[in-house]
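Report on the structure given below.
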Amino acid sequence: MRLLVTGGAGFIGSNFVQQTVRERPDHQVTVLDALTYAGNRSSLDPVADAIEFVHGSIADAELVDRLVGECDVVVNFAAESHNDNSLAEPEPFLQTNLVGTYRLLEAVRHHSVRMHHVSTDEVFGDLELDDPKKFTEDTPYRPSSPYSSTKAGADLLVRAWVRSFGLAATISNCSNNYGPYQHVEKFIPRQVTNVLSGVKPKVYGTGANVRDWIHVDDHNRALHAVLDRGRLGETYLIGADGEADNLTVVRTILRVLGKPEDWFDFVSDRPGHDLRYAIDAGKLRTELGWTPEFADLESGLASTVQWYADHREWWEPAKHATEAAYSELGR
Ligand code: NAD
Ligand code: TDX
């Protein structure tokens, strides 16, 4: 199996590539990544000799057509992925998430190969804090931010190419991931690396917002389940029943790092901040037999905290610029 993994130098993509090389030695992996601020080639160091790396954009039609012509399956992780950035400057989100996905779809159509499109639960908008409901595959799309609206648009393009052109594609919508190699702009790595730098964690608004956390390895095993056994044309929601509010997550990080649980600052809220996400992964569990291996957020967080403590050389170069950008936003 020849896999083309786009966005493979990012957080989830690099973990996916490492897991694939470790657990599926019969797979040949090519990574296509534009190495934006979020891409980091060193995240692929442990498998550098086992893969091919191509530096380029999914929006480059000629390059994408050539690479897609040389593979059996495309797994599309490439995206602009951070909500705060999408509020400050939406344009790259339209270029990569919409135009880039369109270019991939056209190349996949031209060469009749299989594609899996990696998406997010944010396409569904948010739920009330006290609502017992969770998102399912039938929940209507109602995205809130420039980021989530471009991800929603990309999902709809994939669906249209499936229906109109018979494309052999699947989509997955996953909840919030945590684990090693996540950029320090994101909530958990930002707070962990703040504490490791002697700085207090920064909590938006009241900290009551709820996210449904899943370890990145569980997400990636679910993606392999979809690639192996998923029905073409279908969407699968991925989540591990990991709902926690932001205050609980920050206090857990502080506990793991031996700090008082009130050692954090409240900062101004994110405009349009989604209240709560929650995934019903019943279809994935019953149809594809997937179950998460990281059942407990506290122990998954403890191993993630340890990874950041042991890999300062990986995150320190990005920390200063990230915090400078946040301080301009007052967050
Ligand atoms: P990330 O920002 O860490 O990585 C994105 C990668 O894509 C980077 O390596 C970047 O260089 C690359 N990239 C950006 N623009 C590109 C372009 N035009 N061409 C080629 N490569 C490009 O993001 P992530 O958190 O790893 O997310 C990966 C995917 O999973 C995204 O599609 C995201 O929407 C989705 N997702 C993320 C989460 C999460 O919690 N992080 C949850 C659900 C879904
Ligand atoms: O410093 C912070 N303080 C804070 O309270 C940051 C960076 C975030 N937050 C809050 C905002 C959210 O409620 O933490 C929560 C998580 O924030 P992010 O890490 O920015 O993630 P989120 O906006 O929920 O989106 C993430 O999950 C879905 C990913 O970034 C997306 O790519 C994915 O699609």
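One-based numbering, in listed order, for ligands and for the atoms of each.
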| request: Mind checking the CG-CE spacing from L105 to M115? Nearest 0.5 Å is all I need. | output: 4.5 Å
| remark: Within the 4.0 Å heavy-atom cut-off around ligand 1, the contacting residues, ordered by chain and number, are G7, A9, G10, F11, I12, D33, A34, L35, T36, A38, G39, G56, S57, I58, F77, A78, A79, S81, T96, V118, S119, T120, Y147, K151, C174, S175, N176, N177
| Do the ring planes of H215 and F294 sit parallel (below 30°), tilted (30 to 60°) or perpendicular (above 60°)? | parallel
| query | Between F124 and F135, what is the ring plane arrangement, given parallel below 30°, perpendicular above 60°, and tilted in between? | reply | tilted
| Within residues 44-85 or reaching into it, pairs that qualify as ring pair (Phe, Tyr, Trp, His ring centres under 6.0 Å) - sequence neighbours excluded | F16-F77
| note | Rounded to the nearest 0.5 Å, the CZ atom of R251 sits from the CZ atom of F264 at a distance of 4.5 Å
| task | Identify, chain by chain and in numerical order, each protein residue with a heavy atom under 4.0 Å from an atom of ligand 2. | result | S81, H82, N83, T120, E122, Y147, N176, E185, K186, F187, R190, Q191, K202, V203, Y204, N209, R211, N246, R270, H273, Y277, Y326
| request: Would you please say whether a donor-acceptor pair under 3.5 Å links the side chains of N83 and H273? | output: no
| field | Pairing residues for H183 by the ring-ring contact (aromatic ring centres under 6.0 Å, His included) criterion, not counting sequence neighbours | value | Y37
| task | Please name the residue in the list D121, D155, T120 that meets the side-chain hydrogen bond (donor to acceptor under 3.5 Å, both in side chains) test with N173. | result | D155
| query | Should the pair H311 and W307 be assigned to parallel (<30°), tilted (30 to 60°) or perpendicular (>60°) ring geometry? | reply | parallel
